[in-house]
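I have placed the structure first, in the form of structure tokens, so that the comments after it can refer back to it.
In this chain, residues are counted from 1 in sequence order. Since we're looking at a predicted model, the values are computed, not measured.
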Amino acid sequence: VQLQASGGGLVQAGGSLRLSCTGSGRSFASDMMGWFRQAPGKEREFVAAISWGIGTKYYEDSVKGRFTISRDNARDTVYLQMSSLKPEDTAVYYCAAGSRRYYYRSSYYDYWGQGTQVTVSS
């Protein structure tokens with residue numbers, strides 16, 4: 001079972017990026033899917049999550065209105081569309097999947113992708 005994240009890169013402030021995370025080895029259609037990020041010297045923090053079923057979305061306050069999470073269950077893929085990027089968004093972004101209905105803590109998730117670097121220049 002594996003999650004593969006991609007789509008990171010270097011972008012100027014105000015720009016956009018779309019991250020993708022594709023699962024393999026089993027279906028993730030019934031999982032809570034989340035994105036976390038970790039900046040140098042900081043703890044990993046919650047960014048966004050989307051539930052199974054009707055796909056309820058959750059966001060950390062600092063990304064509301066700028067980031068959009070979505071999922072394609074047929075492709076076992078979750079996306080994070082990031083717009084109006086700021087230098088403080090610079091971090092390694094990780095996708096995660098979990099069978100619990102809770103989303104905010106990294107401990108709620110069972111599977112993790114390898115991370116993709118996002119760097120926003122000022």
Side-chain angles (χ1 to χ4, degrees):
V1 178
Q2 190 174 15
L3 294 174
Q4 182 73 37
S6 61
L10 173 64
V11 64
Q12 289 187 333
S16 299
L17 282 174
R18 188 177 81 156
L19 305 184
S20 300
C21 175
T22 300
S24 61
R26 72 166 181 81
S27 172
F28 290 89
S30 298
D31 284 47
M32 179 76 74
M33 302 295 294
W35 286 97
F36 287 72
R37 65 187 179 186
Q38 188 166 19
K42 295 188 177 182
E43 294 187 353
R44 191 170 298 189
E45 65 174 5
F46 169 75
V47 175
I50 184 168
S51 70
W52 65 94
I54 61 173
T56 303
K57 302 176 183 182
Y58 308 92
Y59 297 98
E60 195 271 331
D61 285 346
S62 69
V63 307
K64 284 181 180 177
R66 301 189 299 121
F67 291 10
T68 301
I69 190 170
S70 61
R71 66 191 298 167
D72 182 342
N73 288 334
R75 299 176 184 269
D76 277 321
T77 299
V78 61
Y79 304 98
L80 186 68
Q81 177 67 48
M82 305 185 294
S83 303
S84 302
L85 283 161
K86 304 175 181 179
E88 50 263 45
D89 295 317
T90 294
V92 177
Y93 283 70
Y94 298 90
C95 60
S99 59
R100 300 167 184 82
R101 62 178 178 174
Y102 307 109
Y103 61 90
Y104 194 76
R105 299 184 186 278
S106 58
S107 59
Y108 295 148
Y109 295 83
D110 304 305
Y111 303 100
W112 289 85
Q114 84 287 5
T116 185
Q117 176 70 47
V118 172
T119 303
V120 184
S121 62
S122 56

Do [X] and [Y] touch side chain to side chain, with heavy atoms closer than 4.5 Å?
X: Asp110; Y: Arg100; result: yes
X: Val63; Y: Arg37; result: yes
X: Leu19; Y: Val118; result: yes
X: Trp52; Y: Asn73; result: no
X: Trp35; Y: Met82; result: no
X: Gln114; Y: Gln4; result: yes
X: Cys95; Y: Met33; result: no

Under 3.5 Å: donor-acceptor pair, side chain of [X], backbone of [Y]:
X: Arg71; Y: Ser51; result: yes
X: Ser122; Y: Pro87; result: no
X: Asp72; Y: Ala74; result: yes

Inset, instruction - Might you confirm whether atom CZ of Arg75 has over 12 heavy atoms from other residues, nucleotides or ligands at distances under 6.0 Å? - result: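 No - once you tally the heavy atoms of other residues, nucleotides and ligands closer than 6.0 Å, there are 12 at most.
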
Legend entry - Within one Ile-Leu-Val-Met-Phe-Trp-Tyr cluster: Tyr79 and Tyr58, side-chain cutoff 4.5 Å: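 No: no chain of side-chain contacts under 4.5 Å links Tyr79 to Tyr58.
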
Inset, instruction - Establish whether Tyr111 and Tyr102 are linked, either directly or via other cluster members, by ILVMFWY side-chain heavy-atom contacts under 4.5 Å. - result: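 No, no single cluster joins them.
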
Inset, instruction - Mind telling me whether Phe46 and Tyr104 have parallel, tilted or perpendicular rings, with 30° and 60° as the class edges? - result: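 Ring orientation, 0 to 90° scale: tilted.
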
Legend entry - side-chain hydrogen bond (donor to acceptor under 3.5 Å, both in side chains) between Thr116 and Ser6, worked out: CA-CA 6 Å; Thr116 185; Ser6 61; over 6 Å; no

Legend entry - Those residues that, when tested against Ala48, pass side-chain contact (heavy atoms from CB on, under 4.5 Å) (two or more places apart):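 Partners of Ala48 under the side-chain contact (heavy atoms from CB on, under 4.5 Å) test: Tyr59, Ile69, Leu80.
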
Inset, instruction - Of all the heavy-atom pairs spanning Tyr93 and Val47, show the shortest one and how long it is. - result: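 Looking at all heavy atoms of both residues, the shortest contact is CE2-CG2, 4.3 Å.
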
[atom1]-[atom2] distance between [X] and [Y], expressed to the nearest 0.5 angstrom:
X: Ser27; Y: Asp76; atom1: OG; atom2: CG; value: 4.5 Å
X: Leu17; Y: Ser83; atom1: CG; atom2: OG; value: 9.0 Å
X: Asp31; Y: Ile50; atom1: CG; atom2: CD1; value: 12.5 Å
X: Cys21; Y: Gln2; atom1: SG; atom2: CD; value: 10.0 Å
X: Ser106; Y: Gln38; atom1: OG; atom2: CD; value: 9.5 Å
X: Tyr109; Y: Met32; atom1: OH; atom2: CE; value: 5.5 Å

Legend entry - Residue list, side chain to side chain donor-acceptor pair (under 3.5 Å) with Tyr94, at least two apart or on another chain: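 Residues passing side chain to side chain donor-acceptor pair (under 3.5 Å) with Tyr94: none at all.
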
Legend entry - Salt-bridge contact Asp89-Lys86 (side-chain N to carboxylate O under 4.0 Å):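 No, Asp89 and Lys86 are not salt-bridged.
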
Legend entry - Geometric cation-pi criterion Arg26 and Phe28, 6.0 Å radius, 45° cone: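 So Arg26 does make the cation-pi contact.
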
Inset, instruction - For Thr119 and Thr90, test the side chains for any donor-to-acceptor distance below 3.5 angstrom and give the result as yes or no. - result: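 No, Thr90 and Thr119 have no side-chain donor paired with an acceptor closer than 3.5 Å.
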
